[in-house]
Amino acid sequence: MRNTLKKIAVTTGVASAALVLATTQAMAFPATTWTVSPNPAPFTAVSTNTVLAVNGIPMTCPTAAASGSAASATGNPAKVADITAASFGTTAAPCTSILGPVTPVTTMPWQIWAEDYNAGVTSGYIKNIQAKLTVLTCTFTVTGEVAGTFTNSSKVLSVSSNATRQLTVSGATSGCAGLVANGDHPTFTGDYAVTGITSIVGT
């Protein structure tokens with residue numbers, strides 16, 4: 001009888017522990033439903049204030065553009081958009097720096113991931129970023145992630161670097177000596193006016 005009661009107690013304890021663990025995990029990783037309107041939503045985005053800064057040297061683009069498609073998703077985080085094209089500067093208005101013109105060439109696609117939603121603002125990040133930049137005789141590649149927010153009321157996608165979401169330099173050529181080095185973490189900022197996505201809501 002004692003052995004039977006002991007087995008019941010152990011079984012009950014294990015089941016209770018499993019229930020607590022499952023509940024804790026569910027609370028720690030909520031499954032958010034991200035509703036993109038319309039769904040799917042082909043979009044374009046234009047910025048007039050993008051800046052990539054490396055070691056205090058700003059590389060400014062008078063115009064930048066991106067396009068792709070967004071769609072509803074479930075998860076936290078969850079991929080809500082693919083950026084299939086991105087450009088920085090034009091022939092008539094190139095990106096510039098104190099060292100001279102900057103020529104960025106992007107490798108696509110990039111991805112937009114949503115993590116949090118509050119009062120009409122979706123917070124997340126853009127990942128799979130890859131671009132090769134040339135300034136005079138210096139060529140280097142930038143890869144990584146940047147943080148981002150999309151505000152429903154203004155239809156603006158704002159991007160910025162932080163300690164968690166970083167870009168990293170690699171493949172720096174000899175012409176970059178003293179300016180840019182492998183392992184540097186450039187900052188990237190910009191505000192993109194988005195057309196095609198009317199809202200992103202997380203519930």
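Values below: all heavy atoms of this structure, side chains included; hydrogens, waters and symmetry mates excluded. Quantities reported herein were computed from a predicted structural model and do not represent experimental measurements.
- F150 is not connected to Y125 by any chain of hydrophobic side-chain contacts under 4.5 Å among Ile, Leu, Val, Met, Phe, Trp and Tyr, and they are in different clusters.
- In terms of hydrophobic clustering, with Ile, Leu, Val, Met, Phe, Trp and Tyr side chains grouped at heavy-atom distances under 4.5 Å, V159 and L52 are assigned to a common cluster.
- One N or O on the side chain of S97 and one on the backbone of L99 form a donor-acceptor pair closer than 3.5 Å.
- Under the 3.5 Å distance criterion, with hydrogens and angles disregarded, no donor-acceptor pair is assigned to the side chains of T84 and D82.
- By the rule that hydrophobic residues join a cluster once side-chain heavy atoms approach within less than 4.5 Å of another member, W34 and W113 end up as members of separate clusters.
- Annotation for K132: atom NZ does not count as buried by contact number, only 12 or fewer foreign heavy atoms lying within 6.0 Å.
- Put simply, the side chain of T60 never gets that close to the backbone of V51: no donor and acceptor are under 3.5 Å apart.
- No cation-pi contact links K127 to W110, judged by a cut-off of 6.0 Å to the six-membered ring centre and 45° from its axis.
- Side-chain atoms of T195 and K155, non-hydrogen and from C-beta on, never get closer than 4.5 Å to each other.
- At a cut-off of 3.5 Å, with distance as the only test, a side-chain donor of T139 or T134 sits close to an acceptor on the other residue.
- The side chain to side chain contact (heavy atoms under 4.5 Å, CB included) check on P109 picks up nothing, with sequence neighbours excluded.
- Judged by distance alone, the side chains of D191 and S158 do bring a donor and an acceptor atom under 3.5 Å apart.
- A salt bridge is absent between K79 and E115; no separation between the charged side-chain nitrogens and carboxylate oxygens falls under 4.0 Å.
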